[in-house]
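What follows is a single structure, written as structure tokens, with notes after it.
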Amino acid sequence: MKVLIIKGSPHINGTSNTIVNEFIKGAKEAHHDIKIFDAAHANLHGCLGCDRCGMNGECIQKDEGNKLLNDVLNSDCLVLVTPVYYFGVSAQLKMAIDRFYARNGSITRKHLKVIYIAAAWNDDEVVMSAISKHFDILTDYLEINEEGRILAKGAGTPSMIRKEYLVQAYNLGKNLK
């Protein structure tokens with residue numbers, strides 16, 4: 001299976017990236033083809049809302065957005081990875097997701113699989129409520145099929161990550177069908 005991981009953390013060795021690295025280990029062991037798009041360090045700009053793409057074409061921006069969209073359409077599964085910033089996805093991941101607009105129809109017709117990974121400093125239910133709802137709405141709107149979700153609470157630094165989240169990520173990668 002072709003798996004595209006879109007990372008939204010500016011912290012290369014941060015918690016969300018540490019968790020997704022366990023997913024990658026499991027997915028590679030299961031012989032999945034892994035491609036990574038690092039939205040936090042890419043030459044990527046936000047959607048302008050100009051509608052020149054007509055929701056089914058090239059974006060007029062000359063950055064890595066069109067490559068990202070081609071990678072999305074050439075994948076079977078997306079893994080959206082983010083730290084939780086102010087109860088939502090990072091601006092970097094949001095910018096990548098917003099660029100899906102240019103190929104919205106093609107993405108929805110594809111019925112991709114998706115896995116969500118989010119890591120938050122706080123260790124309470126409130127911290128994940130808004131981001132969880134955002135994931136629910138994305139899943140419905142894009143007509144994608146959720147294969148799993150890791151909402152790692154109390155994971156402010158890599159040393160704070162509970163082992164259960166790392167095991168869950170590894171198993172999601174290893175058992176992805």
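Just so it is clear, the structure is predicted and the values come from calculations on it, not from any experiment. Each residue takes its place number in the sequence, starting with 1.
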Inset, instruction - Go through the structure and list residues passing side chain to side chain contact (heavy atoms under 4.5 Å, CB included) with D33, not counting sequence neighbours. - result: K2
Inset, instruction - Taking the side chain as every heavy atom from C-beta outward, state whether I144 and L78 have any atom pair closer than 4.5 Å. - result: no
Legend entry - Test applied, side-chain contact (heavy atoms from CB on, under 4.5 Å); reference residue, N66; option that passes from D63, L68, L69: L69
Inset, instruction - Would you indicate whether the side-chain heavy atoms of V79 and L4 approach each other to under 4.5 Å? - result: no
Legend entry - D71 and K35 ion-paired at < 4.0 Å: yes
Inset, instruction - Determine, for K67 against E64, whether the closest basic-nitrogen to carboxylate-oxygen distance falls under 4.0 angstrom. - result: no
Legend entry - Side-chain heavy atoms of V127 within contact of K153, under 4.5 Å: yes
Legend entry - Side-chain touch V81/F23, heavy atoms, less than 4.5 angstrom: no
Legend entry - Pairwise side-chain contact, S16 with K7, heavy-atom cut-off 4.5 Å (strictly under): no
Legend entry - Flag side-chain contact, heavy atom, 4.5 Å: H11 against N17: no
Legend entry - Any donor-acceptor pair under 3.5 Å from K110 side chain to S75 backbone: yes
Inset, instruction - Check for a donor-acceptor pair, side chain of T108 on one end and backbone N or O of G105 on the other, with a separation under 3.5 Å. - result: yes
Legend entry - Carboxylate-amine/guanidinium contact R103 E58, below 4.0 Å: yes
Inset, instruction - Examine distances only and state if a side-chain atom of S90 and a backbone atom of G8 form a donor-acceptor pair shorter than 3.5 Å. - result: yes
